[in-house]
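Heavy-atom basis, side chains included; hydrogens, waters and symmetry copies ignored. A note on names: the letters A, B, ... follow the listed sequences, proteins ahead of strands, and every chain is numbered from 1.
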Amino acid sequence: MLETLQSLSHGFALALSPGVMVYAFAGCVIGTLVGMLPGVGPLAGISLLLPASFGLDATTAIVLLAGIYYGAMYGGSTTSILMRIPGEAASVMTCIDGYAMTRKGRAGPALAIAAIGSYIAGTASVVGLMLLAPPLAGFALRFGPPEFLALLLLGLLTLAYMSGGSLPKSLAMAALGLLLGMIGIDHMTGYFRFHYGVVELGDGIGIVPVAVGLFGLSEILLTAGQAEPPAVMRPRIRDLAPSREEWRDSAGPVARGTVLGFLIGILPGSAHIIASFVSYAVERRLSRHPERFGQGAVEGVAGPESANNSATSGALVPMLALGVPSGPIPAVMMAAMMVHGVSPGPLLIQQQPELFWGVIASMYVGNLVLLILNLPLVGLFVNLLRIPYPFLYPAILVFSVVGVYAVNGSVVDVWIMVATGLLGYLLRKFDFETAPIVLGVVLAPMLEMSLRQSLAMSSGSYWIFLQRPIAATMLFLGLGLLLLSVRPVFGKGKDWRRRLGLTGKVSSREEGTS
Amino acid sequence: MFSRDRVAGLALFLFALVVLWENRVLPLGTVYRPGPGFMPMVLALALAGLALAVMAGSRGSPPLASLDWTEKRHAAAILAGSTFAALALERLGYRLTTLVLVGFLLWAIEGKRSAVALLMAIGLSLGTWYVFAGLLKVPLPLGPRGF
Amino acid sequence: MTTRRFALLLALVLAVDGTAAAQEAFPTRPINMVAPFPPGGVADLMARPVSAAMEKVLKSPVVVVNKVGAAGAVGMSFVANSRPDGYTLLMALSSISIIPEADKLFDRKPAYTMDQFAPIALISADPTVLVVRAEKPWKNVKEFVEDAKKRPEEISYSSSGVYGTLHMAMEMLTHAAGIRLKHVPYNGAGPALTAILGGHVDALASGPAVVLPHIKAGKLRPLAGWGANRIAALPDLTTFKELGYDIEFYIWAGVFAPKDTPEPILRKLRDTVRQAVQDADFKAAMAKMETPVAYMDAPELQKFWDKDAKMLAEAIKRVGKIEEKK
């Protein structure tokens with residue numbers, strides 16, 4: 001323990017040195033700017049600025065990239081809350097209640113809670129990273145395809161809790177999203193599926209254009225032509241701070257989101273995107289006023305935002321502790337290290353202590369910097385809402401195009417955004433929720449791949465899911481949760497969903513049974 | 001008869017059928033070794049089933065005719081503008097495309113004064129170019145003659 | 001002379017003059033080097049030192065552009081179809097030979113064909129290495145092969161995806177040794193490495209640079225390399241050729257241009273790369289990445305590429321469509 005503190009203080013000395021601080025600060029600022037751009041998330045941000053980091057030394061380069069990573073997560077929540085456009089795929093859930101809060105005039109508190117929740121989550125998860133990295137990483141590595149499948153099936157369960165309205169409708173949207181996720185190369189056999197000759201669809205239709213189109217563009221399509229343009233917000237200073245009630249309501253979600261996000265984040269793969277989805281579902285399930293979700297419940301902002309931020313630290317755990325590229329973002333950071341001659345591996349912590357502790361310390365610093373940066377900016381951002389909508393939405397459209405194009409430099413992504421924008425517009429007209437589609441697109445490739453990899457590993461036997469302890473445990477857990485939630489249907493009759501606040505807009509039918 | 005949910009459910013059902021048809025070229029494999037066509041088939045069947053469930057539960061759904069389409073002309077225009085942007089982005093380059101797009105939206109659709117529209121269009125177009133292509137080095141497409 | 005002849009002569013003079021001018025002046029604009037993989041990937045990491053060194057030689061910017069998608073097909077077809085004026089180059093990996101073959105196998109219209117490219121130079125060629133988990137009992141290839149023969153299709157290996165370079169390398173081994181292994185594809189080299197580190201598969205064919213730290217830490221054991229010579233960083237590691245298996249496989253990276261690029265420009269580019277790989281900064285950058293430079297000029301690269309492509313095409317045909325086996 002003493003040694004850890006000593007190393008940490010060395011790390012702080014390094015991180016707080018002017019040379020490194022400048023880059024940490026720059027990274028945070030750039031990350032925030034990039035993150036605010038619709039759709040452009042941390043991966044795109046880091047990738048764009050990776051070349052710029054080559055000229056720096058190893059520690060500074062990683063500090064810069066980590067700052068961008070964090071900043072992008074912070075920045076992503078801003079557009080989600082203010083304009084219902086996901087700053088990155090993981091912010092989709094924040095769009096729902098965050099924007100509802102904005103409509104109620106509580107944009108300031110939403111932004112503030114998002115920033116503070118992110119700070120707490122970020123800092124706590126860095127502590128976790130620091131103290132628990134090697135053992136956690138070892139545990140995370142034991143997550144193979146069967147465990148992933150179990151986890152993703154659990155993730156699918158959260159769908160039932162994600163949106164109001166009728167259950168068949170939400171599930172149908174999930175099925176639609178899962179189907180859309182099937183587009184692209186099948187990595188198990190090399191077949192191209194549903195790509196109709198467009199090479200760019202080889203990797204699938206991409207979460208970013210889908211999220212931006214389904215949420216952002218559809219919002220513009222629905223709102224711009226309304227006879228009554230959205231009321232121009234005139235926020236007052238005292239409206240910027242969260243009320244005591246909002247503070248109290250956020251405490252639990254932030255804590256749960258932190259733990260949840262961290263655990264999901266350490267798992268290899270891109271599963272950390274689902275951290276925010278799972279957090280939303282958990283908060284809804286645990287809340288005493290579940291019917292508030294979707295109308296501006298602060299828990300729906302606090303939980304997902306915290307989960308997001310702690311998942312980012314979690315994602316770095318396997319990379320720093322074991323040199324395992326546990327996802328696309330850690331892979332880019334590993335590449336940055338390799339370019340500087342630092343080979344990430346199990347001995348990184350021993351061989352390159354300055355790098356490890358310097359990065360850890362800079363993460364603390366970075367989180368603080370971002371909080372200090374973002375809180376005053378809340379006032380500035382909220383004033384953006386004063387701009388009359390007819391002037392605002394062309395700007396949003398331009399930013400969306402830039403964001404979507406920037407991810408892959410491909411105009412096909414812009415087409416996808418337009419198409420899903422139209423789709424989202426029609427779906428919302430007909431009272432369907434669009435969030436399950438995004439979850440489906442995210443989960444589908446991973447779900448299918450995990451299933452088929454597991455079967456390849458077991459040579460076709462489904463028993464593998466029961467033979468492996470972690471997978472079996474999770475599957476039983478999921479089964480238990482499913483039965484628990486379905487039980488009231490048989491027990492108390494038809495009003496279980498109303499109790500959970502899941503009869504939403506389509507309320508003209510009785511009791512929510514579908 | 002034509003309630004919203006019924007129409008929506010029908011549309012989803014038909015889509016699922018289209019997917020099943022398109023899926024026919026992919027080998028299905030077996031349940032023990034699923035092929036590339038397996039999951040899409042399962043999902044399309046699930047979607048079809050759910051679409052039928054939506055249709056079945058549409059008793060309480062308001063009629064199709066009651067849908068409010070007041071914004072449809074606006075929406076169509078924005079959609080057309082976005083389509084233009086997708087088409088023109090790599091042919092005319094980023095700056096020209098955004099210039100035309102924003103100018104069109106502000107002047108033709110929102111009816112702002114042409115001077116205001118032009119100013120905003122130029123400002124947005126060049127401003128975002130400077131920030132993203134200039135400062136952040138995002139590769140945005142250039143138009144003819146490198147503009 | 002008649003007006004028409006005069007015009008013709010003028011045109012001729014201008015054309016010749018034009019090309020001459022173009023020759024002297026190339027390059028007048030920044031050159032784009034397309035890396036068909038995401039930033040941080042192998043192609044990207046190769047492209048940056050090369051482009052930086054070329055810039056120094058040409059005294060004119062050489063910019064790396066990432067065009068990602070479909071395992072490289074997007075970027076490669078982009079360059080194949082671009083104007084052959086020398087301003088668009090490709091940093092290609094060995095997968096350039098795989099994608100058209102895979103397309104043929106699936107009766108797809110190929111995204112590009114290999115003869116749409118003119119080689120400029122080879123930059124690096126890392127032989128793949130066979131690694132197994134350290135706690136497995138096989139100390140050398142012989143034990144591995146014997147065990148595999150006793151238990152066909154039980155020993156598992158991961159790869160970056162079907163028909164990918166790591167899969168093909170393993171394929172060549174299994175064919176040459178007459179064994180059958182269990183293949184678990186992942187999507188990318190990173191996940192494939194994570195899988196073996198997590199104990200979910202037993203073996204992996206990988207590029208040497210990424211597994212070196214794990215070998216040194218004792219988590220993975222290398223059994224042999226696919227190169228004609230031993231790897232500099234692993235001098236005690238035997239090669240398959242030494243053991244009597246006639247297989248060679250490299251993950252190589254090279255610079256290409258579209259086929260019809262004019263000869264003078266091609267020559268200039270070749271000279272540029274030849275000088276670029278001598279640059280001290282370039283050598284230092286490559287050394288930091290633990291990637292040895294294996295420079296080959298265009299004619300040798302063409303021979304190398306043809307041989308490599310032929311080998312890969314055979315392997316792909318042999319693997320066939322996965323669904324049709326068994």
Which atoms of [X] approach chain A - backbone, side chain, both or neither, heavy atom under 4.5 Å:
X      : answer
B:L12  : side chain
B:L52  : neither
B:T128 : side chain

Does any heavy atom of chain B fall under 4.5 Å from the side chain of [X], the backbone, both, or neither of them?
X      : answer
A:V401 : side chain
A:M417 : neither
A:F194 : side chain
A:Y196 : side chain
A:L178 : both
A:L176 : both

If we define contacts as heavy-atom pairs under 4.5 Å, which of [options] has the most with chain B?
options                        : result
A:L222, A:L221, A:L217, A:V414 : A:L221
A:A419, A:P394, A:A456, A:S400 : A:P394
A:L447, A:L179, A:D413         : A:L179
A:A175, A:G460, A:S458         : A:G460

Any non-hydrogen side-chain atom of [X] less than 4.5 Å from a side-chain atom of [Y]?
X      : Y      : value
A:Y405 : B:F132 : no
A:Y191 : B:P27  : yes
B:E90  : A:S410 : no
B:D5   : A:F430 : no

Nearest heavy-atom pair of [X] and [Y]: which atoms, and what distance?
X      : Y      : result
A:A172 : B:L47  : O-CD1, 3.4 Å
A:V402 : B:Y94  : CG2-OH, 3.0 Å
B:A86  : A:V411 : O-CG2, 3.5 Å
A:K429 : B:R4   : O-NH1, 4.0 Å

Can you confirm whether more than 12 heavy atoms, excluding those of B:W129, are under 6.0 Å from its CH2 atom?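 Atom CH2 in B:W129 is packed in, count exceeds 12.
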
Look at atom OH of B:Y32 and say whether more than 12 heavy atoms of other residues, nucleotides or ligands are closer to it than 6.0 Å.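 No, the 6.0 Å shell around OH holds no more than 12 heavy atoms from other groups.
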
Counting heavy-atom pairs under 4.5 Å with chain A, which one of B:V31, B:V19, B:V7, B:V25 comes out on top?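 Most pairs with chain A among the choices: B:V31.
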
